[in-house]
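Comments concern the structure below.
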There are 4 protein chains.
Amino acid sequence: MNDVTLPAAPIAWPTGFRAAANLGFDLDSEDVALTIDPGTRDRLSVMSHQAYGALTGVPRVLDLLDRFDLKATFFAPGYTVERYPDLLRRIRDAGHEIAHHGYLHEAMAGLSYAEEAAIIDRGIESLEKVLGVRPVGYRAPLWETSYSTAEILLDRGFLYDSSLMDSDLPYELAERPGEGARSIVEIPVSWALDDWEQFAFVPEVFGPGVIEDPAKALSMWTGELTEAYRYESCFTLTIHPFLSGRLGRIRALESLLETMAAMPELWVTTCGEIAEHVRGLDLVPRVFPQPDIPER
Amino acid sequence: MNDVTLPAAPIAWPTGFRAAANLGFDLDSEDVALTIDPGTRDRLSVMSHQAYGALTGVPRVLDLLDRFDLKATFFAPGYTVERYPDLLRRIRDAGHEIAHHGYLHEAMAGLSYAEEAAIIDRGIESLEKVLGVRPVGYRAPLWETSYSTAEILLDRGFLYDSSLMDSDLPYELAERPGEGARSIVEIPVSWALDDWEQFAFVPEVFGPGVIEDPAKALSMWTGELTEAYRYESCFTLTIHPFLSGRLGRIRALESLLETMAAMPELWVTTCGEIAEHVRGLDLVPRVFPQPDIPER
Amino acid sequence: MNDVTLPAAPIAWPTGFRAAANLGFDLDSEDVALTIDPGTRDRLSVMSHQAYGALTGVPRVLDLLDRFDLKATFFAPGYTVERYPDLLRRIRDAGHEIAHHGYLHEAMAGLSYAEEAAIIDRGIESLEKVLGVRPVGYRAPLWETSYSTAEILLDRGFLYDSSLMDSDLPYELAERPGEGARSIVEIPVSWALDDWEQFAFVPEVFGPGVIEDPAKALSMWTGELTEAYRYESCFTLTIHPFLSGRLGRIRALESLLETMAAMPELWVTTCGEIAEHVRGLDLVPRVFPQPDIPER
Amino acid sequence: MNDVTLPAAPIAWPTGFRAAANLGFDLDSEDVALTIDPGTRDRLSVMSHQAYGALTGVPRVLDLLDRFDLKATFFAPGYTVERYPDLLRRIRDAGHEIAHHGYLHEAMAGLSYAEEAAIIDRGIESLEKVLGVRPVGYRAPLWETSYSTAEILLDRGFLYDSSLMDSDLPYELAERPGEGARSIVEIPVSWALDDWEQFAFVPEVFGPGVIEDPAKALSMWTGELTEAYRYESCFTLTIHPFLSGRLGRIRALESLLETMAAMPELWVTTCGEIAEHVRGLDLVPRVFPQPDIPER
């Protein structure tokens, strides 16, 4: 069996900061329902539920970020980019980072190298054509990456991925074990710092059927943030505007930003800025050898 | 790909009001169990669970509304109307609005135009025959509408629908893209403002198996209400008397009404009144073009 | 379609009392796992989980009831009675009511009249043989009764059933519509007043996978109790000692009993006592006509 | 039907202690995902989620235990031992107990005697080869033991098992009914004292889809601990570092340890120490006869 490398190293943050935080808005729209069940195309109510993000949630999020003078990262499926081009341009023009989040929010598990690469290419094409943006960051739909993803991304000039879950700290990830491997910056995510598991529900499409109180999510996220600050770590929150754009939830997000604002040495910035900082640290890349399944 | 129209416009509420709220009581009874699983017809306990609304919950709700001097909207499946005619007459005679909620609480997804229209006709017939009421409002069972629903409703003289989820604000919804389209007023709903996801449970019939504390639901709903008031929006709550008529839950609803009563500029009224007000604003109808599914 | 009768009438409680409460302990043990999946017989851990009630939970419950000087009703499947005879005798000798809860905690849905009757007879036989008790009360396993259950119970001399969910108040239930029908006292239950939905979990056997904090259950139940007292109603709580006998949960139950003890006009007694009181009120029996399913 | 033996006897704890507590860290890693779905081998994100424990969580746990000067028990699948040998050596060298937790976190239900024994042997082999440790304790993967497990363990020199759920107190468990049976010490567990049900989630692999607030888990566990102290019982907590190593959750665990530290007569120690103490009490072994399923 292969051995595995060491844990992520502590990060020296820019002068004046003891910890970092980033806000990632996943711009899933009709795409995420259509990819799970194409039959939802005929269900106007389901489509309207998914459109809430673009039509109502994102404008609210942009106002909120503006009020706190923060820049965030918007991970956009190509389909959303093409369906809501004006909204995406507004996000871009407000100075936020726009990154890659698949094309139709595809489930990538089990795909071949070529299939995964084709989807990533299609997403790049949407971002370039509609927005003139060449993304440097990628967050896989469903956070589902393969052992080929890093190579596919590096071949296309990406600086960072944000889909893995083995650490709280960013690190350099080797594209494969062995000599001569390139590396990509990884900014890890966490299911506990994702609004999907707290709020997502469309009957027979997704969600467990329980919808949580924003007060609970706020308690969880504030708890993580407080400890990230204490541990000199990196707080990476994933928000879906079609979920968290709703009024009670946007208020919870506002409360979280108030807590952030009260942390004098917290560096709140985009994933892209964090990735550039990490790249500058010249870290030794980590390797994740694919595990073998033992024979019985 | 089709472009989509702008978000819902802000609403100028009647003089003296900064925000609106409506209480919608979905009168699902035995019908909702029978339509999911006809075998529940032989299960007396399940039938009794569904009858709680009509036999116990609704009278309690009517007393509560009377105490707060409020008018609400009762969305009634035709089956419930025929099974509990005296109760429905009592609701009507108390001055509340009675609106349409299907016939047997049918799952509309995948139905043809003719099938959907036939169900809507059958519901109208029940309301007219038993109550002499011609409904102007519709809330789809399971909030499941198609791209034909608006046309079906407009052909039958409806003023409003309340089943979509792309906004917090009411708006005019075009029945289809293109010239000459009529429009219907839409009063959007939200899964987070529905007691079903908090309380519904009948083993092997519906519900995730988790039953929530009314205190949690009250916290969520009060949070949404507070922000709706702040954002000059519209608070639309969906309550099922077979669920929320239970004692601890009716107390939570009472608390919510107390909070509403303390908001001096909140217009608490029926969906019908809100729809008429919105109709008078002469808004530009919005269009929801049906999305295409991209080829791979 | 058949019309349905009026809701349950208010109950005049015995002099000095404004409301009633009863504690029902469902003595489900190995039986409830074996009946869902006979393969659990070979899974010692699952069997031990089910045995917690008899071995640990019930003794704790008996001590608690003794400390508060309360009598409760224990609904016992015949299988539990035969497997834990000494424990059942101890319950009986402490003066608590022992009632019927099926034989192997059978799922009754879809059974024929003869099959349902045979199970009820087998449960009676166990109670008579092991304990010398002829039960007057019945609570169906899974609260699953048919349109035949009342007749089966009345033929065997039962006074009451406690499995329906259309009311908070006890009432007289006609065994069938029409002249000459006998009636049985019904003491309704509620999924929200059952510890199963809060605590039950055996992987791949039962439970949604979420295990709740006893503090949440206590909040829900105290809320219901408080309102039952206010509404002059009947609080009927269902507890499974294999779940609620655990230490943190027994503490929650203790807190609830403390709240009860502080309600001077609350009649806390057995289901049997309540049923006898209700029988003495000479109420008009209610009828639940079986609903028809409309043709499409 | 076989009768069953008496409940576990009260335990006389060592002088100066009124109750006991142990912290068990289940070192499930990639193995638990691979055994549920071998296809997860190709899903880097899933693998990284499982690696969080070894790479990030366990070092944090070790620091925490060191700060509180506590010794704990680490239940390690053989696969984890072989994949992370340096980490396991670090745990061993810090003086913690290392016990057996299967090889690939196998689901043992339905296995033959020989299959179960082979898995246990393979786990022993890993522990001996990599760490030079011969384990005396066993906690079954998924807490799934058969009626053969005790015999298999005793044949291999184990002192204790920790997988059953019929009691809060440790006891001697007879390997089988009848004369001449040996016994093993059992330290029972509880689903309510396991972080898995509160936090575990990998889409389509495990978890109900609800992720709880560490504040809720802390409330539950503190409640159980408080009562265990009051009842002179044994508090047995199961923690998975790939779940509870996350920052907000490690803070909850820290709070729990603070509560423990404030209980002057609480014996916080390893499962092995508790088992040795129990062995010294010379208790009468308990028997769990396998239940029969009655014929219908």
Side-chain angles (χ1 to χ4, degrees), chain A residues 29-31 33-35 38-56 58-60 78-79 82-87 103-104 106 115 118-119 122 199-204 207-216 242-243 245-252 254, chain B residues 1-8 107-110 140 142-150 163-169 186 188-194 197-198 200 206-210 212 216-217 219-228 230-231 233 235 286 288 290-294 296:
Chain A
S29 66
E30 289 88 336
D31 38 35
L34 292 170
T35 200
T40 57
R41 177 177 181 267
D42 297 321
R43 298 168 63 184
L44 175 58
S45 295
V46 175
M47 291 295 99
S48 77
H49 182 266
Q50 297 310 113
Y52 184 92
L55 296 177
T56 305
V58 171
R60 232 167 239 168
Y79 186 92
E82 295 174 16
R83 190 164 170 84
Y84 300 100
D86 289 342
L87 184 76
Y103 182 74
L104 194 71
E106 292 86 354
E115 289 168 326
I119 289 169
R122 193 166 184 183
F199 303 139
F201 176 63
V202 174
E204 292 172 32
V210 175
I211 300 176
E212 296 291 27
D213 188 355
K216 176 208 160 186
F242 83 91
L243 298 170
R246 295 202 174 265
L247 289 169
R249 297 169 187 164
I250 205 84
R251 178 65 190 109
E254 191 180 2
Chain B
M1 190 180 296
N2 293 306
D3 202 1
V4 291
T5 57
L6 293 176
M108 299 284 201
L142 302 170
W143 301 350
E144 189 74 54
T145 60
S146 72
Y147 285 86
S148 309
T149 309
S163 315
L164 300 188
M165 289 168 269
D166 60 298
S167 181
D168 315 300
L169 289 167
E186 174 62 36
V189 290
S190 160
W191 294 118
L193 290 171
D194 177 13
E197 287 68 38
Q198 305 305 317
F206 52 68
V210 174
E212 296 291 27
K216 176 208 160 185
S219 167
M220 287 176 72
W221 300 342
T222 304
E224 287 285 329
L225 173 65
T226 304
E227 295 308 300
R230 176 183 174 203
Y231 278 80
S233 187
F235 178 82
R286 300 168 66 200
F288 277 103
Q290 189 168 19
D292 295 321
I293 299 181
R296 259 200 182 172

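Letters A, B, ... mirror the listed sequences (proteins, then strands); counts begin at 1. Small disclaimer: the values here were computed from a predicted structure and weren't measured.
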Given heavy-atom pairs under 4.5 angstrom as the criterion, report whether the side chain, backbone, both or neither of B:Tyr231 touches chain A. side chain
Select one option (side chain, backbone, both, neither) describing which atoms of B:Ser233 are under 4.5 Å from chain A's heavy atoms. side chain
So for A:Arg249, is it side chain, backbone, both, or neither that comes closer than 4.5 Å to the heavy atoms of chain B? both
If you tally heavy-atom pairs under 4.5 Å between each of B:Trp191, B:Trp221, B:Trp143 and chain A, the highest tally belongs to B:Trp191
Answer yes or no: is there a donor N or O on one side and an acceptor on the other, between the side chain of B:Glu186 and the main chain of B:Leu164, under 3.5 Å? yes
Bottom line for A:Pro38: the part with an atom under 4.5 Å from chain B's heavy atoms is both
The test is side-chain hydrogen bond (donor to acceptor under 3.5 Å, both in side chains); show your working for A:Ser48 and A:Ser45 and say whether it passes. CA-CA 5 Å; A:Ser48 77; A:Ser45 295; 5.2 Å; no
Contacts of A:Glu204 meeting side-chain hydrogen bond (donor to acceptor under 3.5 Å, both in side chains) (sequence neighbours excluded), chain-then-number -> none
Does any heavy atom of chain B fall under 4.5 Å from the side chain of A:Ile119, the backbone, both, or neither of them? side chain
Measure A:Ile211 against the heavy atoms of chain B and call it side chain, backbone, both or neither at under 4.5 Å. both
So which of A:Arg43, A:Arg41, A:His49 has the biggest tally of heavy-atom pairs under 4.5 Å with chain B? A:Arg41
Which one of B:Ser148, B:Gly209, B:Gly207, B:Ala192 has the most heavy-atom pairs closer than 4.5 Å to chain A? B:Ala192
Taking all non-hydrogen atoms of both residues, which atom of A:Leu247 and which atom of B:Ala228 are closest, and how far apart? CD1-CA, 3.8 Å
Where the side chain of B:Ser167 meets the backbone of B:Ala8, is there a donor-acceptor pair that is under 3.5 Å apart? no
Side-chain donor-acceptor pair under 3.5 Å between A:Tyr103 and A:Asp31, yes or no? no
By salt bridge (Lys or Arg N to Asp or Glu O under 4.0 Å), B:Glu212 pairs with (sequence neighbours left out) B:Lys216, C:Lys216
Who among B:Thr222, B:Ile293, B:Leu225 has the most heavy-atom pairs with chain A under 4.5 Å? B:Ile293
